[in-house]
Amino acid sequence: MGARLVVPLGRNLVTAFILALHNDLPSNLVDVELRDAQDLVDLEPVCSPEILELARWVADYYACPVGEVIKAALPPGMSPKTRGAAKFIKPKLRRFVRLMERPDDEQKLTDAQQRVLANLESNGPMSLQSLLKTANVSASTVSSLEKKARVKIYDEAVRRDPLAEDFGVKSEEHVLTPAQSSVLTQIEAQMNSGAYGAFLLHGVTGSGKTEIYMRAMQQALSLGRSAMMLVPEIALTPVFSRRLRARFGDQVAIFHSSLQKGERFDEWTRVRNGEARVVIGTRSAVFAPVRNLGLIVVDEEHESSYRQQESPYYNARDVAIVRAQKESATVVLGSATPSLESFHNARKGKYHFVALPERIQSRPMAEAKIVDMRNVFERHGKPRVFSDELLEAIRETRERGEQSIILLNRRGYSSFILCRSCGETVQCPNCDVTLTYHRSERVIVCHYCNHREAVPRVCPSCGKKYIYYVGEGTEQLEEMLKLLFPALRVARIDRDTTARRKVFEQSLADFSAGRIDTLVGTQMLAKGHDFPNVTLVGVVSVDAGLALPDFRSAERTFQLITQVAGRAGRGDRPGRVLIQTYHPYHYALRHACAQDYEGFYEEELRYRQNHSYPPFVALGSLLVHGPDLGRVRNDSLELRKQLDRVNPERRCRMLGPAPAPLSRLKGEHRFQILIKSRTRKSLREVADAALRSVAAGGVNLRSISLEIDPVSMM
Ligand code: ADP
Ligand code: ZN
């Protein structure tokens, strides 16, 4: 079980997984034509029984096919849709050369040949590449020696190591503070008991959570078990995974999607073999084939990137909890801004609640202040990107030799193009959004489907030339700062500049070493990084985020501001935070400025309860999508009718169908129905029954996606 087969499907060959073995044909297959499998790919299963069971749970809970979950659980390239096994990922081989026994009879050797033998004698086996270089010979010299049976050329698997460059990262061990010790003691006691237990660790930014994670992982290893740490995205992993490497050596394996396929395969193999017993990785690492799991840490557990935004729609944090339960492990959810759901679970006693309420060495939290942009507008008679306060703060910070971070959650140069003559904006042809101007590439781009076109010279609607650019993005901020402060060394971090991992790591390293004064960027900057010389954080605007039609928009904004504020003042000097907004009295901003988590949770929980949102109800979203608007509308109305029919006792409440906030995406129209229910069980029963009846009525189920516990409502 868990091994791969190549099987015929229609006229193709595809990869399949063995999920169950039967001695007799199951009754539902008696009348079906059976075909033979072509090939068994694995002698050792690629999925252990534990991973198969977990995949089954995910498929069942999130209502998706188990094959999709297994595919998501394995490194990419393991289940190619191909003819035959030619494209399966394989270990990387390198040619090596070693000496053979010296023959009795004398052979005549050239100088070059003798150099080869001498090198192998003093170094032992060498890779062919380095042998050719050090002996300064050509490949034909070595192969002539092979013909004489003096050397042997062979292939050996070499490891593709994503952490091969170490960037000089060290890992110092600290003496724990009393608060840290108390938290660690409780986690260790749970691990020692060998039973499942879950913790929510609420530790303010800079309170030393990471040190606790590392100690707990060490403890798991010393109990002979393995440990896993999930992080939200790659932005966190470069420095951190190197710190783990510095502390745990080769036992660390790293899993994330920006590794090359080969690297991912090798890391996965090392975990499966038991060579690596510490895994750090993003979302899909929760399925890593570690054996004897003792601990899972989910860092920044509130992050929405733990949720996969395509099928299978799983949330790695919730899968981590279930996996820990199944394998009797301890799970630690950590955050400075826990999600409402987890906070609520801790209140109800489902998780042990542990806290680190203060920063290390009692460093003060940064002082946060709101800059009311309505006043700035009045003062200047026109909108400004940077308030005088923020500009002054950037200048002062630089003069003191300190660093600043400027955040704006919008990449590109301007957010859209507007025609002053006809009032039209330039829209994506496939999506219901405006195109964003990217000046350095001279294109306008859709941030949802990546459609690109040249910047228009005249308005595409009316042909006049009065087009102008509205709303600024990170690219423009970077340029403005360079113009305003020619001596300021500015760099930018967002998805445009971080497509290449090395460039991204280099920017972070430069900032860390003080070669850059100011980092401009999107939310990628908000998390995890520890730069002691940063004393100023400026938030240019959060208003777009607050205005999103999503019940989590206040929570997200609160988290974003609290997290980015946590980047300031982590060293010896106190930090300050300036938040520019046109909504200075919004409760998410007020509580974030006051660093008042509990205050925010109380207010937000009341709101969720009054409006029946999670965590007080189970939520499901049914999205009907397709290229034909009339059909999408009709199918969604039919779906609603069936939902009402199978819900006679009104166990669920339905909303919709209504056009989704993003009513068109990648060429498809989208209608949404929300289901709210007291229990997830009745939600699933109602949704499944309705889906069955619309399918029986001829609706293609591929055009409907059911999301359980949706994270984004867009
Ligand atoms: P968090 O993850 O909670 O934001 P970190 O774990 O990054 O906080 O810790 C903040 C800083 O404090 C880091 O520079 C870390 O090396 C340091 N630190 C952590 N624990 C201790 C300790 N016990 N004594 C001194 N410094 C510590
Ligand atoms: Zn688009």
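Note that ligands are numbered from 1 as they come in the structure, with each ligand's atoms numbered from 1 the same way. Excluded from the calculations below are hydrogen atoms, water molecules and symmetry mates; all remaining heavy atoms, backbone and side chain alike, are included.
Rounding to 10°, one obtains 110° for the angle at the Zn ion (ligand 2) between SG (Cys431) and SG (Cys428). Rounding to the nearest 10°, we obtain 110° for the angle at the Zn ion (ligand 2) between Cys446 SG and Cys449 SG.
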Practice problem: List the steps, then state whether salt bridge (charged side-chain N to carboxylate O under 4.0 Å, His left out) holds for Arg410 with Glu475. | Solution: CA-CA 9 Å; Arg410 198 189 300 135; Glu475 198 184 334; over 6 Å; no
Exercise. Report the C-alpha distance between Phe558 and His591 in whole Å, list the side-chain angles of each, state the deciding distance to 0.1 Å, and finish with yes or no for ring-ring contact (aromatic ring centres under 6.0 Å, His included).
Key: CA-CA 8 Å; Phe558 174 82; His591 288 302; 7.2 Å; no
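When all heavy atoms are compared, the tightest approach of Pro627 to Glu668 is CD-OE2, 4.3 Å. Closest non-hydrogen pair, Thr282 versus Pro232, comes out as CG2-O, 3.9 Å. Annotation for Thr397 and Gln403: closest pair CG2-O, 3.5 Å, computed over non-hydrogen atoms.
In summary, the atoms of ligand 1 found under 4.0 Å from a heavy atom of Thr205, numbered by their order in the structure, are 4 (O). Near Thr210, meaning under 4.0 Å from one of its heavy atoms, ligand 1 places the atoms 2 (O), 5 (P), 6 (O), 7 (O). Of all atoms in ligand 1, numbered sequentially from 1 with element shown, those under 4.0 Å from a heavy atom of Thr177 are 23 (N). Residue contact check: Val204 has heavy atoms under 4.0 Å from atoms 3 (O) of ligand 1.
The closest side-chain heavy-atom distance from Tyr597 to Thr562 is below 4.5 Å. Side chains of Ile417 and Thr434 form no contact here, defined as non-hydrogen atoms less than 4.5 Å apart. Looking only at side-chain heavy atoms (C-beta outward), His438 and Arg442 stay at 4.5 Å or farther from each other. You'll find the side chain of Glu211 reaches within 4.5 Å of the side chain of Leu176, heavy atoms only.
The option from Arg359, His174, Arg243 that lies nearest to atom 17 (C) of ligand 1, judged by heavy atoms, is His174. Residue Gly208 holds the heavy atom nearest to atom 9 (O) of ligand 1 of all those in Pro532, Gly208, Pro178.
Contact annotation for Ile360 and ligand 1: only side-chain heavy atoms (C-beta onward) come within less than 4.0 Å of the ligand. Proximity of Val175 to ligand 1, defined as any heavy-atom pair under 4.0 Å, is confined to the backbone N, CA, C and O atoms.
For ligand 1, the polar-atom distance check against Ser207 finds a nitrogen or oxygen pair separated by under 3.5 Å. Considering backbone and side-chain N/O of Gln361, none are found under 3.5 Å from N/O of ligand 1. When only interatomic distances are considered, the shortest N/O to N/O separation between Gln180 and ligand 1 falls below 3.5 Å.
Taking the six-membered ring where the residue is Trp, Phe343 and Tyr601 present parallel rings, their angle staying beneath 30° rather than reaching 60°.
The Zn ion (ligand 2) does not have His451 among its coordinating residues (no N/O/S atom, backbone or side chain, under 2.8 Å). The Zn ion (ligand 2) lies at 2.8 Å or more from every N, O or S atom belonging to His447.
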